[in-house]
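Structure first, then comments.
No hydrogens, no waters, no symmetry mates; every other heavy atom, side chains included, goes into these values. Residues: numbered from 1 along the sequence shown.
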Amino acid sequence: MSEKQIKKMIADTFLDIADALETGSFGKKPVIGVAVAGTEHGMDNIYEGVKLAEKKGFKAVVIEGEDAHKKMEKMLDEGEIQGAVTMHYPFPIGVSTVGRVITPGKGKEMFLATTTGTSSTDRVEGMVKNAVYGIISAKACGIAEPTVGIANIDGARQTEKILMKLKEGGYPISFAQSSRADGGVVMRGNDLLEGTADVMVMDPLTGNLMMKIFSAYTTGGSYESLGYGYGPGIGEGYDKVIMIVSRASGAPVIAGAIQYATELLENKVLDIAAAEFEAANKAGLKQLLEELKASSKSAAPAEEVKMPPKEVCTAEIHGIEVIDLEDAAKALWAAGIYAETGMGCTGPVVLMAGDKEEKAREILTAKGYIG
């Protein structure tokens, strides 16, 4: 080992000791990889965000290049980084991100469940799952008993009924009460501004809109300057901490996302997630969702389609309605094309092998799934 390497090792050791004395934690700080090619504000903005995070004691490295996502995933798998901040990441169906904002009414933090991805192709089922995802994220950021409110949007009342039954079954949900005179767990716009609930439940498209408004309302919209970004992908069995930011996210939001990721990792978010899913399922979550599906099924039985042999998917087709996503994939299966579904920041995607993309587009266009 060279003298330079020895000096660096000694310096790193002293930094770790300093971190431990400051935070009370004697483990190494997690390293967050930042893979954000495509930012509208240039790479200087990304490096500034990393510097802001490092000034607060967080650790991050920038991952550049055309294959940034592949590099990021490899670094996560090999333990070189413990979490990541990125954009345009196609989470699988069932995984959705929980945003974290600072509300303007009272300067209170609030978790938006959820903001990208999709927990389910069924709106109400997705919102029910989003409540659990939001609770997980809030608990992993130090809120022992987060309060839950449901945004007053389509599906709110059905979501409320199922969550009430889940609580009756033994899952400990602390429901917030609207600040308006008539109260209730269904939140009005005023409650979003005030941060009445720690966790605000909504569908991801509404959450994405809210995230953009909360993070950029002071700048005119082109530069996201407030909050912690669109948050981590959460889902049952999902085992990575990957945070989402947008092309409009400014340096303060990049820094906030690095902080958010670090807090999740230090508080063992994956362990918290496993415990919450176990508790929710024990209280009857899966059964309640099966009952929801049974009540909404069409009288006509769905045609069974056999999935072709699995292939590596390198191409994406966008522009499909989320409610049609599974049917679109099955239409490709019926034509002998292996396809998977996912959800990127811009909406639903169907993925297939690169050499099948042209044929897949023809099929989906002919069947009306894309224009």
Side-chain angles (χ1 to χ4, degrees), residues 1-2 4-20 22-23 25-91 97 99-100 116 137 140-141 224-225 227-234 238-270 344-345:
M1 187 179 291
S2 69
K4 185 177 180 181
Q5 288 173 317
I6 293 171
K7 286 181 178 178
K8 185 179 184 304
M9 185 175 69
I10 293 170
D12 288 343
T13 302
F14 277 113
L15 284 171
D16 288 338
I17 293 170
D19 283 342
E22 183 178 350
T23 64
S25 171
F26 286 85
K28 280 191 173 183
K29 276 276 184 193
V31 179
I32 311 302
V34 183
V36 286
T39 172
E40 293 176 0
H41 303 302
M43 288 306 297
D44 286 347
N45 172 71
I46 304 305
Y47 281 103
E48 179 62 25
V50 169
K51 285 180 184 177
L52 288 172
E54 288 176 340
K55 283 181 181 178
K56 294 181 179 180
F58 304 108
K59 293 184 177 181
V61 294
V62 177
I63 304 167
E64 293 190 62
E66 291 182 5
D67 296 328
H69 276 167
K70 289 183 180 178
K71 292 176 185 175
M72 176 191 82
E73 290 167 348
K74 186 172 185 288
M75 292 170 76
L76 282 169
D77 290 341
E78 294 179 355
E80 191 174 344
I81 57 176
Q82 287 69 56
V85 173
T86 190
M87 58 177 69
H88 307 307
Y89 195 76
F91 290 109
T97 61
R100 184 178 171 191
T116 69
S137 299
C141 287
E224 295 175 1
S225 64
Y228 302 82
Y230 297 70
I234 302 288
Y238 195 67
D239 62 355
K240 293 181 176 63
V241 177
I242 297 178
M243 319 290 290
I244 295 297
V245 291
S246 85
R247 289 172 294 181
S249 295
V253 172
I254 301 298
I258 293 168
Q259 177 181 338
Y260 190 2
T262 302
E263 290 175 356
L264 293 172
L265 288 160
E266 290 184 331
N267 291 321
K268 302 186 184 302
V269 64
L270 298 181
C345 291

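Residues Glu80 and Lys74 form no side-chain contact, since every pair of their non-hydrogen atoms from C-beta on lies 4.5 Å or further apart. Contact annotation: the side chain of Glu64 never approaches that of Ile46 to less than 4.5 Å [non-hydrogen atoms, C-beta and beyond]. At least one side-chain heavy atom of Phe91 sits less than 4.5 Å from a side-chain heavy atom of Ile242. In this structure the side chain of Ile234 reaches within 4.5 angstrom of the side chain of Ser137, judged on heavy atoms.
Glu224 and Tyr230 form a side-chain donor-acceptor contact under 3.5 Å, judged by distance and modelled atom types alone.
Contact record, Ala60 with Ile258: CB-CD1, 3.7 Å, taken as the closest heavy-atom pair. Between Leu264 and Ala140, the shortest heavy-atom contact is CD2-CB, 3.5 Å. In terms of heavy-atom proximity, Leu265 sits nearest to Gln82 at CD2-O, 3.6 Å. Smallest separation of non-hydrogen atoms from Ala257 and Val245: CB-CG1, 3.8 Å. Contact record, Ser246 with Met87: O-CE, 3.5 Å, taken as the closest heavy-atom pair. Summarising the geometry of Gly256 relative to Tyr228, their closest heavy-atom pair is O-CD2, 3.3 Å, with the distance given to 0.1 Å.
Qualifying side chain to side chain donor-acceptor pair (under 3.5 Å) partners for Lys240, counting only residues two or more places apart in sequence or in other chains: none.
In this structure, CE in Met243 is found 14.0 Å from OH in Tyr89, a value given to the nearest 0.5 Å. Remark: Leu76 CG to Lys71 NZ distance equals 14.5 Å, nearest 0.5 Å. The structure places CD1 of Ile63 at 10.0 Å from CD of Glu73, a figure rounded to the nearest 0.5 Å. Of the inter-residue distances, the one linking Ile81 atom CD1 with Met72 atom CE reads 7.0 Å to the nearest 0.5 angstrom.
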Legend entry - Derivation of the side chain to side chain contact (heavy atoms under 4.5 Å, CB included) call for Val62 and Met43: CA-CA 10 Å; Val62 177; Met43 288 306 297; 3.8 Å; yes
Which donor-acceptor pairs under 3.5 Å do the side chains of residues 30-42 make with protein atoms, sequence neighbours left out?
| from | atom 1 | to | atom 2 | distance (Å) |
| --- | --- | --- | --- | --- |
| Thr39 | OG1 | His41 | N | 3.1 |
| His41 | NE2 | Ser222 | O | 3.1 |
| His41 | NE2 | Ala248 | O | 3.1 |

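A 6.0 Å sphere centred on CG of Asp44 holds no more than 12 heavy atoms belonging to other residues, nucleotides or ligands.
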